[in-house]
Chemist: 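I am attaching a structure below and will ask some questions about it afterwards.
Please read these numbers as outputs of a predicted model, since none were measured by experiment.
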Amino acid sequence: MVWQGMHEGFMRSCARRWPGRVSAAWLLLLLAFPAAAQAQSGQALRMGGDAGYPPYHFINADGEADGFDVALARAVARDLGLQPHFVLGEWDEALDALARGETDIVPMFWSAEREQRYLFTQPILIRHHVLFGPRSSPVLQSLDALTGQRVAVQRAGLAWEALRKQSGPGVELVELDSESSTLQAVADGRADYALAPIGIGYHAIHQFGIRDMIALSPPLLERRYVFAAHPDRADLVARIDGSLDRLRERGVPHELYVKWIGNLSPGETGPGAAWLAALLAAATAAAALAWGWRHRRAAALARDGSGAGAGGRALLNDLQEAIDGDRLDYMLQPKLDLRSGRWAGAELLVRWDHPTHGPIVPDDFVQLAEQAQVAGPMNLHLLRCGLQQRRHWPQADPALCLSVNISANDLADPRLLEEILRANREFGPGLMLEITETDAMREPDRVAEALPRLREQGILISLDDFGTGHSSLVNLRRLAPDELKIDKSFVTSVLSSRSDQAIVTATIAMAHELGATVTAEGVEDEATRRWLAEAGCDMVQGFAIAMPMSPADFIALLGESAGQQ
């Protein structure tokens with residue numbers, strides 16, 4: 001502890017004298033003995049990074065490491081019983097120190113090139129860049145529109161990498177040492193646009209007091225934001241992933257996000273700024289952590305337990321046989337229209353009663369099916385079963401709707417798309433596809449081509465679990481859904497969490513502006529239902545509304561409701 005105090009005190013002293021120029025290698029050299037001793041004893045978690053990268057990691061006015069990444073790394077270190085150490089200096093030096101094994105982790109954006117050099121933890125956030133510029137500048141929809149423009153970027157950063165790959169000529173890069181300074185370069189007239197992460201850009205606008213600087217593009221360069229480690233530190237990555245799961249269960253990352261990033265005011269960003277700030281909190285902090293948990297759970301099933309090695313392949317074979325043999329079952333969870341008090345339809349929920357293992361929780365086989373790329377046929381089989389059963393539902397005005405989950409990537413498969421359209425023609429209207437965001441959309445152009453064909457047949461599109469998918473804001477623009485479903489992680493705590501109230505209220509307002517309805521999942525008590533009704537939510541589902549039930553029970557429920565009305 002004495003050495004730790006000396007180490008951090010010396011770092012603070014250096015940071016005061018040479019802000020933004022503290023050399024990671026120099027500090028580590030001067031403090032080699034204590035740092036090495038703690039590293040060898042396994043008692044330290046050493047994070048490197050950029051000294052000027054607020055609000056994520058930076059040296060504050062007191063010469064101390066600060067920011068979202070620093071706070072999260074401290075929480076991870078406490079959870080693992082380690083002492084946190086922070087070495088923030090020049091970005092290039094941070095990468096070199098990580099490559100030499102002189103630091104343990106560095107927060108950074110994922111990229112395919114970087115994945116060749118580092119090991120990555122589960123995502124901390126899903127982050128986007130945006131083009132910032134003067135209010136009078138034209139709005140640009142993509143990086144391809146930057147021909148002939150001077151664009152400020154951080155040297156060796158993600159934006160720098162992306163623009164150097166642009167095939168079109170005429171983009172002049174203004175290379176700077178930090179992402180915050182890219183907006184100042186635009187304000188000084190040295191660049192036409194700055195391509196920077198959204199949070200960094202808003203922070204710089206307020207930090208530098210830049211007037212009339214606004215976001216002039218949709219979110220771009222969607223990337224996972226992770227802790228990177230040396231390729232030889234797979235053990236450390238596994239430990240950090242376990243820690244992040246435990247912290248997520250306690251809500252720690254969400255609280256840190258709201259403190260450091262979610263409360264950032266976007267400034268004068270035009271209409272919708274308030275809900276954009278709130279939705280960024282939903283679409284990044286909670287989203288990335290849910291993504292990481294789901295994918296590791298599916299990977300675990302492929303390795304151990306009921307999915308150990310050959311056992312995992314056996315489970316997958318059993319699932320394929322259940323699909324082919326029509327042995328998968330399903331239940332229906334009713335959806336209630338809050339305005340009319342009538343049932344609006346139901347969501348189809350898959351169930352599997354394994355002949356040996358008994359009932360298997362959907363989370364334990366759906367992700368496995370998606371990894372093995374058999375989820376599409378499974379969902380198509382369930383869709384056909386649900387539509388066939390829907391024929392027995394009573395007539396209603398408006399018509400009752402059957403919601404079926406499907407991955408966005410399945411819509412890029414021409415054969416699956418044709419089968420969905422054929423089933424809808426065969427069994428009649430009333431189908432809503434709930435698009436799940438279990439992974440990045442691999443072929444967004446093909447998905448975009450599929451949407452008009454689906455809508456021509458009256459098929460509605462719902463964006464499921466909004467706020468926890470891989471990139472909800474981007475897919476909101478791509479899919480133009482008829483319905484947004486607010487994930488239950490925001491609904492269950494909406495009565496006690498002001499941040500969740502802001503997110504839910506903002507989502508409802510935004511969806512209505514876009515002409516979409518809103519369904520809240522996970523409603524577990526009457527007080528929550530009343531709050532959602534007062535907030536303008538359109539529909540709800542959850543245990544307080546109706547438990548999942550068999551198709552026969554759902555028909556009986558509809559009959560009872562019709563009689564009462």
Side-chain angles (χ1 to χ4, degrees), residues 4 7 11 23-25 27-28 31-32 34-51 53 56-58 65 67-127 156-158 161 197 223-248 252-253 256 285 288-289 291-293 295-297 299-300 303:
Q4 178 191 353
H7 180 235
M11 285 183 61
S23 166
L27 288 179
L28 286 168
L31 299 167
Q38 289 192 337
Q40 290 174 0
S41 65
Q43 296 177 355
L45 180 66
R46 304 165 298 173
M47 190 190 98
D50 192 330
Y53 196 65
Y56 296 95
H57 54 270
F58 60 98
F68 171 82
D69 300 335
V70 171
L72 184 57
R74 287 188 190 278
V76 168
R78 284 195 301 270
D79 181 73
L80 296 177
L82 303 175
Q83 294 294 332
H85 289 266
F86 301 97
V87 185
L88 305 183
E90 299 293 341
W91 176 244
D92 291 343
E93 293 174 350
L95 298 182
D96 291 341
L98 182 64
R100 293 191 297 267
E102 295 169 351
T103 53
D104 298 312
I105 56 173
V106 172
M108 66 175 65
F109 285 103
W110 172 93
S111 72
E113 294 81 3
R114 290 174 176 175
E115 198 166 39
Q116 302 301 314
R117 303 195 298 271
Y118 311 113
L119 291 179
F120 292 141
T121 66
Q122 65 166 279
I124 306 168
L125 303 169
I126 302 296
R127 291 178 58 193
L158 179 63
E161 291 179 0
R223 286 295 188 276
R224 302 191 295 272
Y225 190 60
V226 298
F227 285 129
H230 190 277
D232 295 335
R233 299 303 308 275
D235 59 327
L236 178 63
V237 170
R239 292 180 67 197
I240 292 176
D241 277 347
S243 176
L244 289 172
D245 277 342
R246 291 187 292 273
L247 294 174
R248 173 182 55 80
V252 173
L256 294 177
L289 294 168
W291 181 93
W293 181 88
H295 283 255
R296 283 194 317 285
R297 175 59 176 164
R303 292 194 307 270

Chemist: Can you check side-chain contact (heavy atoms from CB on, under 4.5 Å) on Leu88 and Phe58, steps first, answer last?
Modeler: CA-CA 7 Å; Leu88 305 183; Phe58 60 98; 5.5 Å; no

Chemist: Evaluate side-chain contact (heavy atoms from CB on, under 4.5 Å) for Tyr118 paired with Leu95, printing each intermediate quantity in order.
Modeler: CA-CA 10 Å; Tyr118 311 113; Leu95 298 182; 3.8 Å; yes

Chemist: Is any side-chain heavy atom of Leu80 less than 4.5 Å from a side-chain heavy atom of Arg246?
Modeler: yes

Chemist: CD of Glu102 to CD of Glu93: how many Å apart, nearest 0.5 Å?
Modeler: 10.5 Å

Chemist: Shortest non-hydrogen contact from Ile124 to Leu72?
Modeler: CG2-CD2, 3.2 Å

Chemist: If the threshold is 4.0 Å, N to carboxylate O, is there a salt bridge linking Arg233 and Asp235?
Modeler: yes

Chemist: Quick one: ring-ring contact (aromatic ring centres under 6.0 Å, His included) partners of Phe68, sequence neighbours excluded?
Modeler: none

Chemist: Kindly compute the distance separating CZ (Phe227) from CG (Asp241), expressed to the nearest 0.5 Å.
Modeler: 10.5 Å

Chemist: With a 3.5 Å distance limit and no angle check, can you tell me whether Asp50 reaches the backbone of Trp91 through a side-chain donor-acceptor pair?
Modeler: no

Chemist: With heavy-atom distances below 4.5 Å as the criterion, would you say the side chains of Pro107 and Met47 are in contact?
Modeler: yes

Chemist: Just verifying a value: how many Å separate Arg74 CZ and His85 NE2, rounded to the nearest 0.5 Å?
Modeler: 10.0 Å

Chemist: In Å, rounded to the nearest 0.5 Å, how long is the span from CZ of Phe86 to OG1 of Thr103?
Modeler: 12.0 Å

Chemist: Does any non-hydrogen side-chain atom of Leu119 lie less than 4.5 Å from one of Leu236?
Modeler: no

Chemist: Search all heavy atoms of Ser243 against all heavy atoms of Asp79 and return the closest pair with its distance.
Modeler: OG-OD2, 2.9 Å

Chemist: Search all heavy atoms of Ala73 against all heavy atoms of Leu45 and return the closest pair with its distance.
Modeler: O-CD2, 3.9 Å

Chemist: Could you pull out the closest heavy-atom pair between Ala94 and Gly48, with the gap in Å?
Modeler: CB-C, 4.4 Å

Chemist: To the nearest 0.5 Å, what is the distance between CD on Gln43 and CD on Gln83?
Modeler: 7.5 Å

Chemist: Indicate yes or no for a side-chain donor-acceptor contact from Arg248 to the backbone of Pro253 under 3.5 Å, with no hydrogens or angles considered.
Modeler: no

Chemist: Distance alone, cut at 3.5 Å: any donor-acceptor contact between the side chains of Tyr225 and Asp69?
Modeler: yes

Chemist: Atom CG in Asp104, atom CZ in Arg239: separation rounded to 0.5 Å?
Modeler: 10.0 Å

Chemist: Closest heavy-atom contact between Ala156 and Glu161?
Modeler: O-OE2, 4.2 Å

Chemist: Report the C-alpha separation of Tyr56 and Leu125 in whole Å, then their side-chain angles, then the decisive distance to 0.1 Å, and conclude whether the side-chain contact (heavy atoms from CB on, under 4.5 Å) test is met.
Modeler: CA-CA 11 Å; Tyr56 296 95; Leu125 303 169; 3.8 Å; yes

Chemist: Could you tell me which non-hydrogen atom of Gly101 sits nearest to which non-hydrogen atom of His230, and how far apart they are?
Modeler: N-CD2, 4.1 Å

